[in-house]
Amino acid sequence: MSDLSTAAADLIVLTLPDGNTREVPAGTLARDVVGSIGARLLSASVAVAVDGEVVDLMTPLRKSGAFVVITDKDPRALEVLRHSGAHILATAVRRLRPDAAIGFGPAIDDGFYYDFDVEKPFTPDDLAAFEAEMRKVVAEKYAFVREEVSLEEARARFAGDPLKMERLADFEGSDEVISVYTDGPFVDLCRGPHVPDTSYLKHFKLLSIAGAYWRGDVKRQMLQRIYATAFWKKDELETHLHQLEEAKKRDHRVLGKSLDLFFFSPVSPGAAFWTERGTVIVNELQAYLRDLQRDGYQEIRTPLLYNKSLWETSGHWGKYRENMFLVLDNETGEHDMSLKPMNCPSHYVMYASKKHSYRELPLRFNTYDVLHRNEVTGALSGLTRVRQFQQDDCHIFLMESQIADEVRQLVQFILSYYRTFGLTATLKFATRPATRIGSDDMWDQAEAALRGALEATGLPYELKEGDGAFYGPKIDFDVHDSIGRAWQLGTIQLDYAAPERFDLSYTGEDNSAHRPVIIHRAVSGSFERFTAILIEHFAGAFPVWLAPEQIRVIPIADDYRETCEALVARFRAKGLRATVDARNETLNYRVRDGEMQKVPYMAVVGKREAEESTVALRVRHTGKKQEILSVDAFEARVLDEVRTRALTPMPVAATTTEEASA
RNA sequence: GCUGACGUAGCUCAAUUGGCAGAGCACCUGAUUUGUAAUCAGGCGGUUACCGGUUCGAUUCCGGUCGUCAGCUCCA
């Protein structure tokens with residue numbers, strides 16, 4: 001206590017956003033400072049920030065700095081609310097299940113969760129009961145009371161909570177302040193900040209239960225995690241829940257079924273069966289990449305199955321064998337062959353099969369070969385996580401002096417590919433990890449080359465210090481899907497290790513052997529995952545160049561059937577994917593079917609159109625608006641859109657993609 | 001792999017406390033010939049994922065296997 005009283009004698013200076021200052025004794029509660037600015041502001045306030053650090057209203061302020069009052073309009077306030085929501089959840093759970101040991105309960109991007117250690121796992125019924133109990137806790141309006149305690153005091157308070165005791169052990173020998181928060185019957189070890197009392201949590205919903213390892217460690221016990229979300233306003237919560245529903249509708253697994261693109265069968269878990277329609281999409285993507293890589297790249301094909309000597313050289317046999325599908329070799333009676341999980345080693349073999357001159361570099365091998373990785377069953381998920389997939393893989397062999405130019409070119413290549421689909425990516429730059437190979441000079445040069453290329457793009461990037469591969473730094477490209485998930489698709493990795501392991505060389509200008517450097521490059525990650533993202537991004541309404549069925553010609557009555565069939569034959573002769581729907585159904589029925597199948601163009605032909613060589617064009621998702629145009633003009637328009645890989649016809653739903661990820 | 005939930009017709013889903021397994025859509029047949037989001041009538045379709053157990057009787061209860069989903073872990 002004597003510490004506090006001497007501290008109180010000191011004054012601190014708080015600078016408000018408008019430039020005014022408040023001089024208060026150190027230890028003054030944030031709430032009192034806010035109150036001195038205005039009573040209304042105090043009632044609207046949730047927390048405050050001092051020099052950007054968010055603390056709650058009950059925190060004694062000890063240092064001078066920029067002082068900002070956080071109201072519910074500030075995004076940081078939502079984080080505070082959700083974190084408090086986690087405590088309220090734990091309060092409710094503890095009331096109904098006093099045996100529950102408490103783990104961690106943080107705010108996350110879309111809400112919050114809390115982990116509990118319980119004998120009997122929670123059920124969906126429990127979830128409903130917890131939510132009802134939370135409403136009681138909210139109604140009881142318990143203040144969140146902050147206390148700062150000594151390690152001994154904290155241990156005394158959490159003696160019955162083994163998980164908290166373990167957390168407290170981390171504070172041993174640290175001078176970090178230990179704070180606890182109490183709301184009514186519940187006490188938690190917590191840094192804060194929190195809303196002033198439980199009544200602030202008005203609009204929330206418990207969403208799901210899942211297992212989660214204590215401290216993320218597979219070797220530790222599995223806790224029961226409850227996921228939930230909360231918002232300041234009712235309509236925000238409803239909008240969020242609505243978006244979750246909408247996201248489900250554009251889930252690639254749902255659309256894959258309804259649009260008949262692919263399916264999975266228990267006879268080959270984790271490997272897609274692509275239907276004719278789905279195959280069209282994959283083939284178009286591959287054709288586009290081939291087109292882009294016609295010059296400067298060498299497309300190659302290498303075996304799928306290898307004996308272990310290759311994997312021993314590459315290092316996979318030691319480090320990656322668990323993820324490889326091993327195959328019995330009848331000669332040896334051992335499982336000493338494997339399907340390839342990556343292309344790299346086979347490309348090194350290809351490179352090593354000849355002598356290379358510096359004049360050939362950079363030498364770019366690209367491939368679309370099939371890869372197999374034996375993922376654990378729990379990891380499989382639709383097309384985004386599979387056991388068999390194709391990468392648009394490329395390995396570039398080059399001299400160190402060529403790295404900067406090459407990387408700059410690759411970044412542009414990858415970004416412009418994404419742009420074709422209207423996708424935006426965020427870039428991450430991963431630098432040298434603690435355990436690594438190669439000299440510091442080499443890393444300096446490699447990182448400088450990558451960084452220079454990144455900065456040349458003018459795009460923002462996230463620096464992931466120490467997150468690089470052991471063999472070199474890398475740039476990763478994250479693309480966001482409609483449900484807000486970020487998928488790592490593209491990657492550019494510098495590799496100084498593989499050339500050593502495989503003893504690769506080229507003959508330099510000086511007529512002696514030199515080590516090349518290798519760049520690993522992928523653009524779409526895998527065709528499977530990329531297709532999944534495109535399905536969700538476009539909500540199944542593909543631009544015409546990707547659409548499995550581009551034109552559906554519909555005769556109004558049987559009399560125009562032959563005219564329609566002739567039109568389809570004409571379109572198909574031009575390479576367009578056209579079909580005729582002359583089924584014995586009403587026009588309404590067939591139009592509806594075309595809309596639901598998300599066919600970009602429906603060309604309706606009746607008496608007028610048949611006589612005048614026109615079509616009544618219905619553009620996907622534009623309702624009754626229709627255009628009458630000549631067959632020639634229509635054909636030219638579609639051909640042009642296909643040729644330019646235009647994003648047309650723009651799906652109405654695409655606008656919601658941006659909102660969903662925002 | 002781990003925790004939990006789930007698995008019924010091609011698809012989406014029903015089926016009281018264990019008592020003959022249903023509907024809509026799709027598909028097939030017929031009528032209808034349609035001017036822009038579901039014409040009418042009839043019909044076909046199931047070893048209730050698989051294996052075993054309890055029971056007079058199992059879609060229902062129990063165990064196992066496989067698969068799917070939500071996460072954890074991992075990852076293109």
Side-chain angles (χ1 to χ4, degrees), chain A residues 113 115 117-118 120-127 207-227 248 251 253-254 257-258 260 263-270 320 322-323 341-343 371 373-393 476-477 479 487-491 520 522-530 532-533 554-561 582-597 602-609 616-626 628:
Chain A
Y113 68 78
D115 288 342
D117 193 8
V118 281
K120 194 162 66 80
F122 299 139
T123 66
D125 287 345
D126 289 332
L127 214 56
L207 297 172
S208 61
I209 313 162
Y213 296 109
W214 168 233
R215 309 200 101 172
D217 184 344
V218 275
K219 291 193 274 295
R220 304 300 301 270
Q221 75 266 43
M222 184 156 277
L223 309 181
Q224 292 290 305
R225 176 172 296 176
I226 297 177
Y227 281 95
K248 266 188 214 162
D251 186 315
R253 293 165 300 193
V254 173
K257 202 172 274 180
S258 63
D260 189 28
F263 64 92
F264 288 91
S265 160
V267 299
S268 185
Y320 202 74
E322 294 210 333
N323 284 297
M342 298 176 191
N343 288 306
L371 303 177
R373 294 186 192 171
N374 197 357
E375 302 290 348
V376 296
T377 54
L380 301 178
S381 176
L383 285 177
T384 54
R385 196 69 192 285
V386 289
R387 285 183 174 153
Q388 178 192 303
F389 58 99
Q390 277 176 284
Q391 284 183 328
D392 53 348
D393 215 352
D476 286 333
F477 296 73
V479 168
W487 294 104
Q488 195 212 302
L489 299 183
T491 186
H520 304 252
V523 181
S524 38
S526 74
F527 285 97
E528 283 75 5
R529 178 176 287 182
F530 194 67
I533 287 165
I554 303 179
I556 282 182
D558 265 353
D559 291 351
Y560 317 108
R561 183 186 194 128
R583 286 178 296 178
N584 182 13
E585 297 287 354
T586 57
L587 180 62
N588 276 333
Y589 179 94
R590 288 174 288 159
V591 166
R592 179 168 191 268
D593 189 63
E595 287 285 357
M596 290 197 309
Q597 286 299 305
M602 276 183 272
V604 178
V605 175
K607 185 158 184 284
R608 284 196 302 274
E609 292 76 16
L617 183 65
R618 182 180 170 117
V619 178
R620 177 181 59 205
H621 299 339
T622 55
K624 286 204 178 198
K625 274 182 292 173
Q626 44 179 307
I628 307 292

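Lettering follows sequence order; numbering is per chain, from 1.
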Mind checking if [X] touches a base, just sugar-phosphate, or nothing, with heavy atoms under 4.0 Å?
X	value
A/Gln388	nothing
A/Arg529	base
A/Leu223	nothing
A/Gly525	sugar-phosphate
A/Gly216	sugar-phosphate
A/Gln626	base
A/Ala522	nothing
A/Tyr589	sugar-phosphate
A/Gly382	sugar-phosphate

Which of these nucleotides, [options], is closest to any side-chain atom of [X]?
X	options	value
A/Ile556	B/rA76, B/rG35, B/rC72	B/rG35
A/Lys607	B/rA76, B/rG35, B/rU33	B/rG35
A/Ala379	B/rU3, B/rC74, B/rG35	B/rC74
A/Leu587	B/rG35, B/rG1, B/rG67	B/rG35
A/Ala212	B/rU36, B/rC72, B/rA76	B/rC72

Quick one: does [X]'s side chain have a donor or acceptor within less than 3.5 Å of a partner on [Y]'s backbone?
X	Y	answer
A/Ser381	A/Thr384	no
A/Thr586	A/Tyr589	yes
A/Arg590	A/Glu585	yes
A/Arg373	A/Pro341	yes

How long is the span from the [atom1] atom in [X] to the [atom2] atom in [Y], to the nearest 0.5 Å?
X	Y	atom1	atom2	answer
A/Lys257	A/Phe264	NZ	CZ	11.0 Å
A/Leu380	A/Arg387	CG	CZ	4.5 Å
A/Arg225	A/Tyr213	CZ	OH	12.0 Å

Could you tell me how far apart [X] ([atom1]) and [N] ([atom2]) are, to the nearest whole angstrom?
X	N	atom1	atom2	result
A/Asp559	B/rU33	CG	C1'	8 Å
A/Glu595	B/rA37	CD	P	8 Å
A/Phe263	B/rC69	CZ	C1'	19 Å
A/Arg583	B/rU29	CZ	C1'	16 Å
A/Lys219	B/rU3	NZ	P	16 Å
A/Arg590	B/rU39	CZ	P	10 Å
A/Glu322	B/rC75	CD	P	13 Å
A/Gln224	B/rU3	CD	C1'	6 Å

With a 4.0 Å cutoff (strictly under), does any side-chain N or O of [X] reach OP1 or OP2 of [N]?
X	N	answer
A/Asn588	B/rU36	no
A/Ser208	B/rG71	no
A/Thr586	B/rU39	yes
A/Arg618	B/rA37	yes
A/Arg385	B/rC69	no
A/Arg253	B/rC69	yes

Candidates A/Gln626, A/Gln597, A/Glu595, A/Arg620 - the one meeting side chain to side chain contact (heavy atoms under 4.5 Å, CB included) with A/Met602: A/Glu595
Can you check whether [X] reaches [Y] side chain to side chain, under 4.5 Å on heavy atoms?
X	Y	answer
A/Ile226	A/Asp126	no
A/Tyr560	A/Glu609	no
A/Arg583	A/Asp593	yes
A/Val254	A/Lys248	no

Set out, line by line, the N/O atom pairs under 3.5 Å between protein and nucleotides 10-16 of chain B.
none

By nearest heavy atom, map A/Pro555 and A/Val376 onto RNA chain B; which one lands nearer the 5' end? A/Val376
With nearest nucleotide decided by heavy atoms, which residue, A/Pro266 or A/Phe389, maps closer to the 5′ end of RNA chain B? A/Pro266
Separation between the [atom1] atoms of [N] and [M], rounded to whole Å:
N	M	atom1	answer
B/rG43	B/rA26	C1'	14 Å
B/rU32	B/rU60	P	48 Å
B/rU68	B/rU12	P	15 Å
B/rG4	B/rU55	C1'	29 Å
B/rU8	B/rA15	P	14 Å
B/rC51	B/rG42	C1'	40 Å
B/rC44	B/rG10	P	16 Å
B/rC25	B/rA9	C1'	12 Å

Got a donor-acceptor pair under 3.5 Å from the side chain of [X] to the base of [N]?
X	N	answer
A/Glu375	B/rA76	yes
A/Glu609	B/rG35	yes
A/Tyr213	B/rG1	yes

Are there runs of at least three consecutive Watson-Crick or G-U pairs touching RNA chain B, with each pair's two distances under 3.5 angstrom? Give them by first number. B:1-7 with B:66-72, B:10-13 with B:22-25, B:27-31 with B:39-43, B:49-53 with B:61-65
Whether A/Arg215 and A/Asp217 form a salt bridge (side-chain N of Lys/Arg under 4.0 Å from carboxylate O of Asp/Glu) is what I want to check. no
Which is it for A/Arg529 and A/Arg385 under the side-chain contact (heavy atoms from CB on, under 4.5 Å) test, yes or no, and what are the steps along the way? CA-CA 7 Å; A/Arg529 178 176 287 182; A/Arg385 196 69 192 285; 4.1 Å; yes
Are B/rA70 and A/Tyr227 stacked, with the base six-membered ring and the side-chain ring centres under 5.5 Å apart and planes under 30°? no
